[in-house]
Enquirer: 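Quick one: the structure is below, questions incoming.
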Amino acid sequence: MTPAAPAETLRAALAGLLAGLPPKQAAQAVERLIANYRGRTPTDAPVLRDRSDVAAYAAYRMPATFEAVRSALAAFAEAVPEGWEPSSHVDVGGGTGAATWAVSATWESARPVTVLDWAEPALALGRELAAANPLLSEVLWQRSRIGAALSIPSADLVTVSYVLGELTAADRGSVVAEAARAGQAVVIVEPGTPEGYARVLQARDQLIAAGLRIAAPCPHDAGCPIVPGQDWCHFSARVSRSSLHRQVKGGSLPYEDEKFSYVAATQGEVSPVQARVVRKPQIRKGQVLLDLCTREPGLTRDTVTKRHGPLYRAARDAEWGDGWSRTD
Ligand SMILES: C[S@@+](CC[C@H](N)C(=O)[O-])C[C@H]1O[C@@H](n2cnc3c(N)ncnc32)[C@H](O)[C@@H]1O
């Protein structure tokens, strides 16, 4: 497969899913789902109750969560020794398998995967979609409830993607502790909102306390320099919009930007970036302004001008979320 192929395979599988559903019905299912997610607090019962909920979730949200996880995994892959790849993966609260697809798009070989989720319809649909991807032939779709009794099988990589926000504080603590125990590496992704960032920050503290080292996005394991309540650490992944997106959200843009927060940590060797671009770079005439998280306390802004030569050209190419090497 070429690097672009998994996203296209997923898109085609999702389009096939909606083929039998009248567009109006699909749009209504998505609207119901959005209303359900909006303003809800963690409950004792799955939100994804039946096939139409799950098909709506998959068609509407999976391309975005897939791209967010893929970005987080790319940053993680840059921080671990070259050639490292997970020989096993567990996706906790994996639902229809977006993170499972993202892992197989990042390290393109087949591996044993276990997807844990309490919503049987989500697991069933995930299994159906994965049939389109030959790299996902070894996936076990297993019903499991996140809570104090959760037991995650040991694996090289544990992902927890867009799940913490659906849990009580106690269950969030349990799942992160169990992921830190079971995973050689742990990657947690949340929506790029102040609340999502706060959950990521808490998980980061817990992973460090459990003895893992931060691989990304942070250049260090020290406290986060961002002042809670004033700002939040988040990034952006570009997602092509499907016709369903355009129908529900209106507008004609062919893409949208998914904002996400994440933390990736490992028990193994790690070389985090020296600095990371934490805002969209501002390109001015003859200069680029880069807002950076570095190994020094606080965030800093580097101004790279034309007289910096190759560094200036690199700064013009730098994107929000990229690693950056400072020269001074
Ligand atoms: C927003 S979806 C994210 C799905 C997938 N990880 C992704 O990134 O697209 C949240 C998932 O967490 C699952 N979930 C929520 N609470 C759970 C719990 N207590 N036990 C197991 N799964 C849970 C839901 O069923 C759902 O599949």
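Each ligand, and each atom within it, is numbered from 1 in the order the structure gives.
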Enquirer: Could you establish whether Asp171 and ligand 1 come within less than 4.0 Å of each other, counting only heavy atoms on the residue side?
Expert: no
Enquirer: So that I can tick it off, tell me whether Asp221 and Arg295 are bridged by a salt bridge, with the cut-off set at under 4.0 angstrom between side-chain N and carboxylate O.
Expert: no
Enquirer: Less than 3.5 Å between some nitrogen or oxygen of Thr65 and one of ligand 1, yes or no?
Expert: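 Yes, at least one N or O pair falls under 3.5 Å.
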Enquirer: Quick one: look at Phe66 and ligand 1, take heavy-atom pairs under 4.0 Å, and tell me if it's side chain, backbone, both or neither.
Expert: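 No part of Phe66 comes within reach of ligand 1.
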Enquirer: Short list, please: which atoms of ligand 1 are under 4.0 Å from a heavy atom of Ala119?
Expert: 25 (O)
Enquirer: Taking non-hydrogen atoms only, is Ser144 closer than 4.0 angstrom to ligand 1 via side chain, backbone, both or neither?
Expert: backbone
Enquirer: Taking atom types as modelled, find out whether Gln202 and Arg204 have a side-chain donor-acceptor pair closer than 3.5 angstrom.
Expert: no
Enquirer: Tell me the nearest of Glu190, Glu166, Arg143 to atom 15 (C) of ligand 1, using heavy-atom distances.
Expert: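 Ranked by closest heavy atom to atom 15 (C) of ligand 1, first place is Glu166.
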Enquirer: Mind checking the CD1-CG spacing from Ile208 to Leu212? Nearest 0.5 Å is all I need.
Expert: 9.0 Å
Enquirer: Out of all atoms in ligand 1, which are within 4.0 Å of some heavy atom of Gly94? Include the element for each.
Expert: 5 (C), 6 (N)
Enquirer: Measure Asp91 to ligand 1 on non-hydrogen atoms and call it side chain, backbone, both or neither using the 4.0 Å cut-off.
Expert: neither
Enquirer: Return the OG to CZ distance between Ser271 and Arg213, rounded to the nearest 0.5 Å.
Expert: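 Ser271 atom OG to Arg213 atom CZ measures 10.5 Å (nearest 0.5 Å).
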Enquirer: Number the atoms of ligand 1 from 1 as they appear, then name those within less than 4.0 Å of a heavy atom of Arg145, with their elements.
Expert: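 It comes down to these atoms of ligand 1: 20 (N).
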Enquirer: Does ligand 1 have a heavy atom under 4.0 Å from the side chain of Ala98, from its backbone, from both, or from neither?
Expert: side chain
Enquirer: Looking at ligand 1, does any of its N/O atoms fall within less than 3.5 Å of an N/O of Gly93?
Expert: yes
Enquirer: Nearest 0.5 Å, what's the SG-CG distance between Cys293 and Leu299?
Expert: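 Atom-to-atom, Cys293:SG and Leu299:CG are 5.5 Å apart.
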Enquirer: Same cluster for Val160 and Ile146 if Ile/Leu/Val/Met/Phe/Trp/Tyr side chains link at under 4.5 Å?
Expert: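 Yes; tracing contacts between hydrophobic side chains, which count when under 4.5 Å, links both residues.
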Enquirer: Hey, could you give me each pair passing ring-ring contact (aromatic ring centres under 6.0 Å, His included) that has a residue in residues 189-233? Not counting sequence neighbours.
Expert: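 Checked against ring-ring contact (aromatic ring centres under 6.0 Å, His included) - neighbours excluded - the pairs reaching residues 189-233 are Trp232-His234.
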Enquirer: Give the atoms of ligand 1, by number and element, whose distance to some non-hydrogen atom of Gly95 is under 4.0 Å.
Expert: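 It comes down to these atoms of ligand 1: 27 (O).
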Enquirer: Check this for me - ligand 1, Ile146, N or O atoms closer than 3.5 angstrom, yes or no?
Expert: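 Min N/O separation from ligand 1 is below 3.5 Å for Ile146.
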Enquirer: Could you grab the distance from atom CG of Asp91 to atom CG of Leu116, nearest 0.5 Å is fine?
Expert: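 Answer for the CG-CG pair, Asp91 versus Leu116, is 8.0 Å.
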Enquirer: Name the option, out of Trp118, Tyr162, Tyr57, that contains the heavy atom nearest to atom 9 (O) of ligand 1.
Expert: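 Closest candidate by heavy-atom distance is Tyr57.
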Enquirer: Cluster question for you: counting only ILVMFWY and a side-chain heavy-atom cut-off of under 4.5 Å, with indirect links fine, are Leu164 and Val69 together?
Expert: no
